[in-house]
Amino acid sequence: VKDINETQQCTVNFPIIADHSHKIASLYGMIHPDASATFTVRSLFIISPSKEVKLKITYPASLGRNFVEILRAIDGLQLSAEHAVVAPANWKQGEDLIVAPQLSDEVAKLRFPKGIKQIRPYLRYTPQPE
């Protein structure tokens, strides 16, 4: 963590596991198939408050992580959990979201007072809830 903070001019405030034996990495399938045994394993898990893995990404050592995408994924997961919406590909804060398909039109109209734009019966958009 100290090395990351110094070389990247940041403050890491999330858990990092040092796994010198690769035991944890092997158990959780975190080794990228093309990775050298001497490279750092760089897997990201987003775990919900209910302790469910919501997202897992493993980056090869040859590719930097995209923190904008990671934050986008966290924002989308939080909105989805709270408001029954789906974040489409390349969605950004403030843009419309997809109404969760399991909501009926009647329930969706009550939950999303800003309105719903229906493209297909299964594809309905609504402005981002507050």
Side-chain angles (χ1 to χ4, degrees):
V1 170
K2 183 181 176 198
D3 185 61
I4 293 169
N5 290 344
E6 288 175 3
T7 62
Q8 304 303 308
Q9 295 83 46
C10 67
T11 302
V12 172
N13 58 2
F14 50 84
I16 293 180
I17 298 171
D19 181 24
H20 301 290
S21 69
H22 295 161
K23 181 178 178 180
I24 295 168
S26 295
L27 284 170
Y28 287 93
M30 297 165 63
I31 306 286
H32 192 275
D34 298 328
S36 163
T38 60
F39 283 163
T40 303
V41 175
R42 299 175 320 151
S43 287
L44 165 80
F45 292 87
I46 296 178
I47 302 170
S48 72
S50 63
K51 308 215 180 343
E52 293 177 89
V53 174
K54 294 295 185 178
L55 178 71
K56 175 186 170 187
I57 304 172
T58 299
Y59 288 90
S62 61
L63 181 66
R65 291 168 292 253
N66 182 335
F67 286 99
V68 171
E69 173 59 14
I70 293 167
L71 293 173
R72 184 190 85 83
I74 291 170
D75 289 341
L77 288 167
Q78 289 175 335
L79 283 166
S80 179
E82 189 173 338
H83 297 288
V85 291
V86 177
N90 301 315
W91 168 83
K92 293 179 185 75
Q93 277 286 349
E95 293 181 347
D96 288 354
L97 294 148
I98 298 170
V99 174
Q102 68 268 24
L103 293 182
S104 69
D105 287 338
E106 296 76 28
V107 171
K109 287 175 186 173
L110 292 172
R111 287 191 74 165
F112 304 111
K114 293 181 183 178
I116 297 168
K117 179 181 176 186
Q118 183 169 317
I119 308 299
R120 298 274 191 275
Y122 59 86
L123 184 59
R124 302 164 294 169
Y125 285 88
T126 189
Q128 180 176 327
E130 302 303 322

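Note that the structure is a prediction, hence the values are computed from the model and not measured.
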Mind checking whether [X] and [Y] sit in one hydrophobic cluster, side chains of I, L, V, M, F, W, Y counted as touching below 4.5 Å?
{"X": "F14", "Y": "F45", "value": "no"}
{"X": "L103", "Y": "I116", "value": "yes"}
{"X": "I119", "Y": "Y122", "value": "yes"}
{"X": "L44", "Y": "I16", "value": "no"}
{"X": "L77", "Y": "F67", "value": "yes"}

Considering only heavy atoms from C-beta outward, does the side chain of [X] approach that of [Y] to under 4.5 Å?
{"X": "W91", "Y": "V85", "result": "no"}
{"X": "E130", "Y": "K114", "result": "yes"}
{"X": "R111", "Y": "V99", "result": "no"}
{"X": "Q93", "Y": "D75", "result": "yes"}
{"X": "L97", "Y": "P129", "result": "yes"}

Practice task
Over all heavy atoms of both residues, which pair between A84 and F112 is shortest? Give the atoms and the distance, please.
Solution key: O-CZ, 3.9 Å
Exercise for the section: Over all heavy atoms of both residues, which pair between P127 and G115 is shortest? Give the atoms and the distance, please. Expected result: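 Looking at all heavy atoms of both residues, the closest pair is CD-O, 3.5 Å.
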Can you measure from [atom1] ([X]) to [atom2] ([Y]) and round to the nearest 0.5 angstrom?
{"X": "N13", "Y": "N5", "atom1": "CG", "atom2": "CG", "answer": "9.0 Å"}
{"X": "L55", "Y": "I70", "atom1": "CG", "atom2": "CD1", "answer": "8.5 Å"}
{"X": "I98", "Y": "R124", "atom1": "CD1", "atom2": "CZ", "answer": "10.5 Å"}
{"X": "T58", "Y": "R65", "atom1": "OG1", "atom2": "CZ", "answer": "11.0 Å"}
{"X": "E69", "Y": "I74", "atom1": "CD", "atom2": "CD1", "answer": "10.5 Å"}
{"X": "L123", "Y": "Q118", "atom1": "CG", "atom2": "CD", "answer": "8.5 Å"}

Exercise for the section: Return yes if some donor-acceptor pair links the side-chain N/O of D19 with the main-chain N/O of A25 below 3.5 Å, else return no. Expected result: yes
Handout entry: Pair T126-H83, side-chain contact (heavy atoms from CB on, under 4.5 Å): steps then yes or no
Key = CA-CA 11 Å; T126 189; H83 297 288; over 6 Å; no
Exercise for the section: Run the numbers on R72 and N66 for side-chain contact (heavy atoms from CB on, under 4.5 Å), then give the verdict. Expected result: CA-CA 10 Å; R72 184 190 85 83; N66 182 335; over 6 Å; no
Handout entry: CD/Q102: more than 12 non-hydrogen atoms of other groups inside 6.0 Å
Key =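 Yes - once you tally the heavy atoms of other residues, nucleotides and ligands closer than 6.0 Å, there are more than 12.
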Practice task
Would you indicate whether K117, at its atom NZ, is surrounded by more than 12 heavy atoms from other residues, nucleotides or ligands within a distance under 6.0 Å?
Solution key: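 No, NZ of K117 has 12 or fewer neighbouring heavy atoms, counting only those of other groups under 6.0 Å.
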